[in-house]
2 protein chains.
Amino acid sequence: MNDTFKALSDPTRRKILQLLKDKDLSAGEIASHFDISKPSISHHLGILKQARLVQDERQGQSMIYSINLSVMQEAMGWFLGLIGAKGGPPDE
Amino acid sequence: MNDTFKALSDPTRRKILQLLKDKDLSAGEIASHFDISKPSISHHLGILKQARLVQDERQGQSMIYSINLSVMQEAMGWFLGLIGAKGGPPDE
DNA sequence: CTTATATTTAGATGATAAGCTAAATATTAA
DNA sequence: TTAATATTTAGCTTATCATCTAAATATAAG
């Protein structure tokens, strides 16, 4: 869970997730959306991957990245736990 | 939005929010839940406050902190935007 | 007014993190 | 096998961040 929030704390990484929401993209295609060097984007992708927020799969020379929505949902569960029941003890 | 995610990226600050979910607490009461110096906790509270995730109000010698759920909901809205509609263009 | 309590501010330090360039790896194609 | 393309790894630099101690501020009580 900590890895998840750490990964989400960077605006470049959040934007990457928004790009991947629309469609799977290669590392190079992702990098083309930013004014940041490809090695730096690769580093961000590695952090997202370690947090399991994205998955990658080789396709020829390219690495195709896709979003992992189940981990996103876990993080959202944390929010729901906070928002859902202010005040009272849990489950009562 | 960036301040929000930055604030949420630290485990101590997330735990503070969980404490405040159950009930409002003074800075000292919050600090007593951690093995961290009071100035450090005060620093964390300042970051949460700047992100408007918490509010504070003086009560005698104490500062009483409370959670601001509306900002939490904004952050959750970001998640919903990502999870809600994978694949297709937005609103279609 | 002086002392005690609660909290924050200041200043310093060590760790993390984001960015870069250059070099290494992996795959495809000639 | 050699050259071209795509991506990652290595190594470095700079900036940000979490933490600490010591000092400052604010309120309450004697």
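Chain letters run A, B, ... following the sequence lines, proteins first and then strands; every chain starts at 1.
Rounded to whole Å, atom P of C/dT28 lies 10 Å from atom CD of A/Q59. For the pair B/L8 CG and D/dC17 P, the interatomic distance rounds to 14 Å; values are reported in whole Å. With rounding to whole Å, A/I36 atom CD1 is found 15 Å from C/dT21 atom C1'. Spacing between atom CG of B/N2 and atom P of D/dT16 amounts to 13 Å, rounded to whole angstrom units. Note: CZ (B/F5) to P (C/dA18) measures 15 Å, nearest angstrom. The NZ-C1' distance, from B/K6 to D/dA18, rounds to 14 Å in whole Å.
Residues that satisfy the side-chain hydrogen bond (donor to acceptor under 3.5 Å, both in side chains) test with B/K49, not counting sequence neighbours, are B/D56. Partners of A/S62 by side-chain hydrogen bond (donor to acceptor under 3.5 Å, both in side chains), not counting sequence neighbours: none found. Applying the side-chain hydrogen bond (donor to acceptor under 3.5 Å, both in side chains) criterion to A/S37, with sequence neighbours excluded, gives A/S40. Evaluation of the ring pair (Phe, Tyr, Trp, His ring centres under 6.0 Å) rule for A/F79 yields B/F79 as partners, not counting sequence neighbours. With sequence neighbours left out, A/D10 forms a salt bridge (charged side-chain N to carboxylate O under 4.0 Å, His left out) with no residue at all.
Contacts of B/I47 with the nucleic acid, taken as non-hydrogen atoms under 4.0 Å apart, involve only primed sugar atoms and P, OP1 or OP2.
Closest-nucleotide positions on DNA chain C for A/G60 and A/D10 were compared, and the one nearer the 5' end corresponds to A/D10.
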Might you list the N or O atoms of the protein lying below 3.5 Å from N or O atoms in nucleotides 6-11 of chain D, with each pair's distance?
{"unit_1": "D/dT7", "atom_1": "OP1", "unit_2": "A/A27", "atom_2": "N", "d": "3.2"}
{"unit_1": "D/dT7", "atom_1": "OP1", "unit_2": "A/G28", "atom_2": "N", "d": "3.4"}
{"unit_1": "D/dT7", "atom_1": "OP2", "unit_2": "A/G28", "atom_2": "N", "d": "2.7"}
{"unit_1": "D/dT8", "atom_1": "OP1", "unit_2": "A/Y65", "atom_2": "OH", "d": "2.4"}
{"unit_1": "D/dT8", "atom_1": "OP2", "unit_2": "A/S42", "atom_2": "OG", "d": "2.8"}
{"unit_1": "D/dT8", "atom_1": "O5'", "unit_2": "A/S42", "atom_2": "OG", "d": "3.2"}

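A distance-only check finds no donor-acceptor pair linking the side chain of A/R13 to the backbone of A/L8 [under 3.5 Å].
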